[in-house]
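The structure under discussion appears below in the form of structure tokens.
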Amino acid sequence: MSSIRVRFAPSPTGYLHIGGLRTALYVYLFARKHSGQLVLRIEDTDRTRFVPDAEADILKGLKWSGIDYDEGPDVGGKYGPYRQSERTELYHKYAAQLVENGEAYYAFDSAEDLERMRERTGTGYNAKTRASMNNSLVLSSDEVNRLLEDPSVEHVIRLKVPENQKVTFDDVCRGTIEFATEEIDDQVLIKSDGLPTYHMANVVDDHLMEISHIIRGEDWLPSTPKHVLLYRALGWETPVLAHLPLILSPTGGKLSKRKAEKSGIHVFVSDYIDAGYEPEAVVNFLALLGWNPGTEQEIFTMSELVEAFSLDRVGTSGVQFDKNKLDWINEQVIHGLQPSDVLDRLEGTFNVEGYDRSYHERVIEILLPRAGKLMEIPGQADYFFVDPSDYDEAVVAKRWKADSAKFVRAFSEKVHAVDRWEGERLHGVMEGLTKDLEVGFGKLILPVRLAITGLGSGPGIFDVMELIGKDTTLRRLGNIIERLG
RNA sequence: GCCGCGUUCGUCUAGGGGUUUAGGACGCCGCCCUUUCACGGCGGUAACACGGGUUCAAAUCCCGUACGCGGUACCA
């Protein structure tokens, strides 16, 4: 295999699923690791389940995640078009070739015919049953031609699956897998609406697009023998196969929308965007969900992932989605960010008039270590910009004692005399005061925190006072004495 | 039902015949730090599904059972 070409081939029957993104990521990592090409192919052959804005959502999700591709519907490429709905002639050409060679045949059975046959035989459309059906294997060629030309009669093209054979293939993640052809039905290749099924389209496109490795979810494993048979019938080489373990819901089973939501998990990538996760965190989490580097590293940049990735360290068993771990990774990621970067990521959501960029960055620096998601920061930053309009009642009840006003006043007086306005010095001032007054630190710091922020907990209060400045600090200390006495 | 795939702490996993009193991470619990809440640091809890083989030796190899997951469409 000289050049590596892989594809991510989502179907626009729904928005980009978190499991789909994981597949895309692994495909991407594999491509970049081996300096290969990544193709995005839209598999829109199901008209009935088509969702109009799904493709845009898929593109958006990939872009957000930092997964870029070399060829695709929006970037072009010499193997296009990259939407299967635009490639219909191709599938017809090869389907006709298969019919010509006796590897496939026309079938005219109605949905009711099929249902009756299944009830009667308890089996599918296969070597045992095809002789009893309406198809070009049993009908005369005159009759077949007549039916094909009759616009009131619908037809499909089916693969003629050989009898009593073993289909064997190697999977990079699982080794050799064998199926008996008796287990495989005569798969429809071209549907009565003229569009190909997944099986046909995927084989034709992977071959024409010179895909070297098929990396996809384990749910495709059972239909892989059909594809192998198709490659064989068309005289083409089968790409290398790798089936990824499925992502399971914490309650078991495929991570469906229903189950996921019950467990407080999002299924769509757009939900993760909306929930305020950083793309690096989602990517990092997904990378570790079914793959491991073989080292103890947990936090990776995308390029570190590319460097470390290999298909043979991908697991084989289904993996449960663990929201705790995602949250932890998101925390690790954001705690490593520079304040100016954070401000950029917060875009327009954190921009208080009258305060410059560096002031905002200082606020972020103070708040960031205690944030789980960046979007929490603006909502926690009020007291950096305006005096508290009221004081947390529970904290007042618990912490504001009869002597609190006295201590705040004492602190206020000492602070008044400070000219080099630094958090360290303010801390020193308070320490000195606790000694003079012979009281515990808590007697002073809690009421002061309440005065400055209106809250009972938060970041280091001396850092806050340093940033908001002397005037504001003194004003707030005065305010609380006035209001709570 | 049938076919396929899988099975190490609650979860993600390391390990692939002797290096293992089975290692790491998340979570949980405790301690320290901070006289706040977090962050951080330290420590603890907790697993080889079961039964047979093979072997001097099995979490590791083989078979069976159980359980889980997937597939069984003119859906992908």
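Every chain is numbered from 1 and lettered A, B, ... according to where its sequence line falls, protein lines coming before strand lines. All values derive from a computational prediction rather than experimental measurement.
- If you check every strand for non-hydrogen atoms under 4.0 Å, A:R399 touches nothing.
- The side chain of A:V319 lies closest to B:C12 when the candidates are B:C12, B:A76, B:G70.
- Across all strands shown, A:K443 has no heavy atoms under 4.0 Å from either base or sugar-phosphate atoms.
- For the C1' atoms, the distance linking B:C62 with B:G23 amounts to 27 Å, nearest Å.
- With B:C39, B:U36, B:C75 as the choices, the nucleotide that has an atom nearest any side-chain atom of A:H335 turns out to be B:C39.
- Between A:E298 and A:K325 a salt bridge is recorded (basic side-chain N to carboxylate O distance below 4.0 Å).
- With a 3.5 Å ceiling on both atom-pair distances, the Watson-Crick or G-U wobble partner of B:U72 is B:G1.
- Formation of a donor-acceptor pair under 3.5 Å by the A:T197 side chain with backbone atoms of A:V188 is found in this model.
- Looking at heavy-atom distances under 4.0 Å, A:E115 makes no contact with the nucleic acid at all.
- A:G122 comes within contact range of no nucleotide atom at all, as no heavy-atom separation falls under 4.0 Å.
- Closest to the side chain of A:W328, out of B:C2, B:A25, B:G4, is B:A25.
- Between B:C26, B:U35, B:G23, one nucleotide has an atom nearer to the side chain of A:D322 than all others, and that is B:C26.
- As judged by a 4.0 angstrom heavy-atom cut-off over every strand, A:E178 is placed among residues touching the sugar-phosphate backbone only.
- B:A76 atom P lies 12 Å from atom CG of A:L189, rounded to whole Å.
- Looking at the side chain of A:N292, the nearest of the listed nucleotides B:C74, B:U13, B:G24 is B:U13.
- Within the 4.0 angstrom heavy-atom criterion, only backbone atoms of the sugar-phosphate kind lie near A:R174; the bases stay farther away.
- Remark on RNA chain B: of its neighbouring residues A:Q84 and A:L288, the 5'-side contact belongs to A:L288, judged by nearest-heavy-atom nucleotide.
- Residue contacts shown for A:V156 include a base, since a base heavy atom lies under 4.0 Å away.
- Taking 4.0 angstrom as the limit, A:K254 places a side-chain polar atom (N or O) nearer than this to OP1 or OP2 of B:G71.
- Phosphate contact (OP1/OP2 of B:U13, side-chain N/O of A:K325, threshold under 4.0 Å): absent.
- For A:T316, the side-chain atoms get nearest to B:G6 when compared with the rest of B:U35, B:C12, B:G6.
- B:G51 and B:A59: their P atoms are spaced 12 Å apart (whole Å).
- Partner assigned to B:A66 is B:U7, using Watson-Crick or G-U wobble distances below 3.5 angstrom.
- Within 4.0 Å (heavy atoms only), A:H427 reaches sugar-phosphate atoms of the nucleic acid but no base atom.
- Residue-level contact check: A:G294 touches neither bases nor backbone, having no heavy atom under 4.0 Å from any strand.
- Across all strands shown, B:A14 has no partner, as no Watson-Crick or G-U wobble contact with both distances under 3.5 Å is found.
- Nearest nucleotide to the side chain of A:E296, out of B:G24, B:C74, B:U36: B:G24.
- The pair A:R49-A:D46 counts as a salt bridge, with a side-chain nitrogen and a carboxylate oxygen less than 4.0 angstrom apart.
- Figure legend: A:R22 and A:Y26 shown as a cation-pi pair, the cationic atom lying under 6.0 angstrom from the six-membered ring centre and within 45 degrees of its axis.
- A:T45 comes within contact range of the sugar-phosphate backbone alone, with a heavy-atom separation under 4.0 Å but no base atom that close.
- Salt bridge annotation for A:R7-A:D205: absent, with no cationic side-chain nitrogen under 4.0 angstrom from a carboxylate oxygen.
- B:A46 is unpaired under the Watson-Crick or G-U wobble criterion, no partner having all donor-acceptor distances under 3.5 Å.
- Each of B:U35, B:C3, B:G23 was ranked by its minimum atom distance to the side chain of A:F179; first place goes to B:C3.
- When distances run from any side-chain atom of A:R49 to the nucleotides B:U35, B:A76, B:C74, the shortest one goes to B:A76.
- Aromatic pair A:Y198/A:H227: centroids less than 6.0 angstrom apart.
- Within 4.0 Å of A:R313, counting heavy atoms only, lie sugar-phosphate atoms of the nucleic acid but no base atom.
- Counting any heavy atom pair closer than 4.0 Å across all strands shown, A:D109 reaches a base atom.
- A:R118 comes within 4.0 angstrom of sugar-phosphate atoms only, judged by non-hydrogen atoms across all strands, and of no base.
- Rounding to the nearest 0.5 angstrom, the gap separating the OG atom in A:S404 from the CG atom in A:L484 is 9.0 Å.
- Under 4.0 Å is where a charged nitrogen must lie from a carboxylate oxygen, and between A:R83 and A:E55 at least one such pair does.
- Distance from the side chain of A:D46 is smallest to B:C75 among B:U7, B:C75, B:G27.
- Regarding the sugar-base torsion, B:C56 falls in the anti class, its angle being beyond 90° of 0.
- Base contact: A:S457 has a heavy atom under 4.0 Å from a base atom.
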